[in-house]
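Each remark here refers to the structure printed beneath this line.
Source: prediction; values computed, not measured.
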Amino acid sequence: MRRRSSLPVTFLMPTLAILLVLSMVPTLYAIVIALQNRELSAPGYSWVWFSNFADLFSDRRFLNAVWVSVKWEIVTVVATMVVAIGLGVLMFEVAGPRLRNFYCLLFIIPVLLPRVSAAFVWKFAYHPLYGIATYPYRLVTGGLIFDPLSKPGTALFAVALVDVWQWGLFFAVIVLKLLETLPPQPIEAARLDHAKRWQIHAYVTLPMLKAPLISLMFVKMIESLRSFDLIYVMTRGGPGVATETLDMYAFSQGFIESGKVSYASAMAVLMMIATVITFTMLWKRVQA
Amino acid sequence: MKPIRPGRLIAKAVLALAGFLAVFPLVWTALNALKNNVDIITRVPKVVFTPTLANISYILGRDSVLTGLYNSAVACGAAVLIGIVLGLPAAYAVARYPNRFAGDIQFFVLSLRFLPPVAVAIPLMVIWLQIGLYDTLPALIVTYSLLTISVIMWLAIPAFQGVPKEIEEAAFVDGYGAYSVFWRIALPVAARSLIGAIAFSFVLVWNEFLIALMLSSSNAKTLPIVASELSQQGMNVPWGILNASVVLLSLPPLLFLGVLSGFLNSVFRQKKS
């Protein structure tokens, strides 16, 4: 047994105190600002209590942003998990140890890139005239123009593709590592029962990995909230408001268009409440 | 029973395509960084061209880029250092001296990741403006420390738990105090995983964009902000220069590719045993 020591207190307390201060001060202050009517251009302000929140619910652009955010969350999380599980299983099935290592290295590269870099790389690639990603389309159609980022119907998906390019490939590596940690006996048993390859995965391996896969999805849901960099660089919320997520709208209300810091903060506070409640509930369920 | 061949072949082709798609966009960007503008603005992509270093030397010669590089290096370096100093001991305490709050502490540290960045950045901007530290590196460092401390702590807890307890117990028997066990045993033994955690936190703050965008207006701009501004001048800026700035911005995180993939491997090897 360890002797009683002052270590836990001296090691833990300062850090926890600093984390508490660094996180609670801005959080509480965000709520304070949201209850006022501060603007960037004017130094004075007064308390308006909940009128910012009331205004939000009659703001059609805000409601649009909520909808875009929900769409973004669903599209990116689902596509990431599908790509990750698909490629992870494929690597597990057909690649030998050396090839696996090689693919793992390749698949980690996109997620390491700064979001700004990834956004630029694909913004160039999507260019209707000179882009490398639109080149096959130009080639096949004999020079027709396809501009995915400027069409309301495709813009969100074009940006989501970049997100999946970064996270789906990375998660494929993790799915492979998870598959490798499984004991071989159940797989052997299923094989002896003449189960097909896909059946083994659908009914044996993936159900065995249910808990870690759900945690993985949880991580992706949190990371998908950070869509701002991609959208800011690639579309700025456009065309129109087709890709304007909540953080993009809050940013443009607070800093680009009107400088309504309090209004933007009210939006941020709503986002914060929604995400903290949702994720706390999800986390407790995952842990249970 | 041997699997059917065509299926396997298709699977291999899909994998090869995915591997190609993973790196090709980046490789293409790097190639474009070496091209003259006439070789970039072509309807049919040019693979063969005369390379030029003009874009890269232009980028490296611009004051704004150099300042951004300096700011990024200082802000990220300092924040990671603070994260190490405060995060590692705290993680060790949670891992080795469990108390009834350990679960709550871990959840609190993780929950910091739920906070939407805008919700943190807006009030911080107002606060830093009021105390006159807006658009300075110290403000950015303090803000980033929240990120680095929590991430390093979160990843270091399992790393310290992975250190065999017996080694530490033996050291206690040999008369080591609690602090010297941490310094002389736990830190060196867990070093490899810890370096992975630290590298991860560095990549995270190096890549950070929204907070830096909101907390800087001219003096404290980090490299991602500078790079994004280059393109705000419309597509009139020669593409080669933009591509060169993207390459410069992406290089530091890629340097950690080896460390981070090793870290991933060690995390899962631990799980297996």
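Among the candidates A:T275, A:L112, A:L106, A:V83, the residue making the largest number of heavy-atom pairs closer than 4.5 Å to chain B is A:L112. Interface check for chain A: of the options B:V203, B:I127, B:N99, the most heavy-atom pairs under 4.5 Å are formed by B:I127. Chain A forms more heavy-atom pairs under 4.5 Å with one residue of B:A11, B:P25, B:S145 than with any other, namely B:P25. Per-residue heavy-atom pair counts under 4.5 Å with chain B were compared for A:V269, A:I109, A:L225, A:V276, and the maximum is reached by A:I109. Of the listed residues B:V118, B:L146, B:T29, the one with more heavy-atom pairs under 4.5 angstrom with chain A than any other is B:L146. Among A:I31, A:L99, A:I174, the residue with the largest count of heavy-atom pairs under 4.5 Å with chain B is A:I174. Each of B:P45, B:A119, B:G19 has some count of heavy-atom pairs under 4.5 Å with chain A, and the biggest count is that of B:P45. By number of non-hydrogen pairs under 4.5 angstrom with chain B, the leading residue of A:V32, A:N101, A:L90, A:V21 is A:L90. Of the listed residues (A:L105, A:I108, A:L19), the greatest number of heavy-atom pairs within a distance under 4.5 Å of chain B belongs to A:L19. Top candidate by heavy-atom pairs under 4.5 Å with chain B, chosen from A:V121, A:L20, A:V261, is A:V121. Between chain A and the options B:N243, B:L88, B:V142, heavy-atom pairs under 4.5 Å are most frequent for B:N243.
When heavy atoms are compared at a cutoff of 4.5 Å, B:L204 does not approach chain A at all. With a threshold of 4.5 angstrom between heavy atoms, B:A16 approaches chain A through its backbone and through its side chain. If you measure heavy-atom distances from B:F200 to chain A, you find no contacts under 4.5 Å at all. For a residue to count as touching a neighbouring chain, one of its non-hydrogen atoms must lie under 4.5 Å from one of that chain's; by this rule A:Y135 touches chain B with the side chain only. In this structure, chain B has heavy atoms under 4.5 Å from both the backbone and the side chain of A:L129. Contacts between B:V109 and chain A at a heavy-atom distance below 4.5 Å involve the side chain alone, from C-beta outward. Proximity to chain B is absent for every atom of A:A125, based on heavy atoms less than 4.5 angstrom apart. Proximity to chain B involves both the backbone and the side chain of A:S6, based on heavy atoms less than 4.5 angstrom apart. Contacts of A:I222 with chain B are made by side-chain atoms alone, with heavy-atom separations under 4.5 Å and no backbone atom involved. For chain A, the nearby part of B:L260 is the side chain; its heavy atoms alone come within less than 4.5 Å. Proximity to chain A is limited to the side chain of B:L213, based on heavy atoms less than 4.5 angstrom apart. Interface remark: A:T280 contributes backbone and side-chain atoms alike to the contact with chain B (heavy atom separation under 4.5 Å). Residue B:S250 touches chain A through both its backbone and its side chain, counting heavy-atom pairs closer than 4.5 Å. If you measure heavy-atom distances from B:V120 to chain A, the contacts under 4.5 Å come from both the backbone and the side chain. At a 4.5 Å heavy-atom cutoff, B:L223 makes no contact with chain A through either its backbone or its side chain.
Every pair passing side-chain hydrogen bond (donor to acceptor under 3.5 Å, both in side chains) that includes a residue from residues 166-179 of chain A is listed here, sequence neighbours excluded: A:R115-A:Q166, A:K177-B:N265. For residues 112-122 of chain B, the salt bridge (charged side-chain N to carboxylate O under 4.0 Å, His left out) pairs, not counting sequence neighbours, are A:E223-B:R113.
Considering all non-hydrogen atoms of both residues, B:L124 and B:L215 come closest at C-CD2, 4.1 Å. What you find for A:A172 and A:M91 is that their closest heavy atoms are O-CE, 3.8 Å. The nearest pair of heavy atoms linking B:P89 to B:I84 is CD-O, 3.6 Å. Nearest approach of A:A133 to A:Y126, heavy atoms of both residues: CB-CD2, 4.3 Å. Between B:P253 and A:P114, the shortest heavy-atom distance links the atoms CG-CD, 4.0 Å. Scanning both residues, A:S69 and A:L246, for their nearest heavy atoms gives OG-N, 2.9 Å.
Around CZ of B:F24, the count of heavy atoms belonging to other residues, nucleotides or ligands within 6.0 Å exceeds 12.
Remark: side-chain polar atoms of A:R38 are not paired, donor with acceptor, to backbone N or O of B:V126 under 3.5 angstrom.
For B:Y179 and A:F11, the ring centers are positioned less than 6.0 Å apart. A ring-centre distance under 6.0 Å is found for A:Y130 and A:H127. Aromatic ring centres of A:F107 and A:F170 lie farther apart than the 6.0 Å criterion allows.
With a 6.0 Å cutoff to the six-membered ring centre and a 45° limit on the axis angle, A:K123 does not count as a cation-pi contact of B:W239.
At least one side-chain heavy atom of B:F108 sits under 4.5 Å from a side-chain heavy atom of A:S23.
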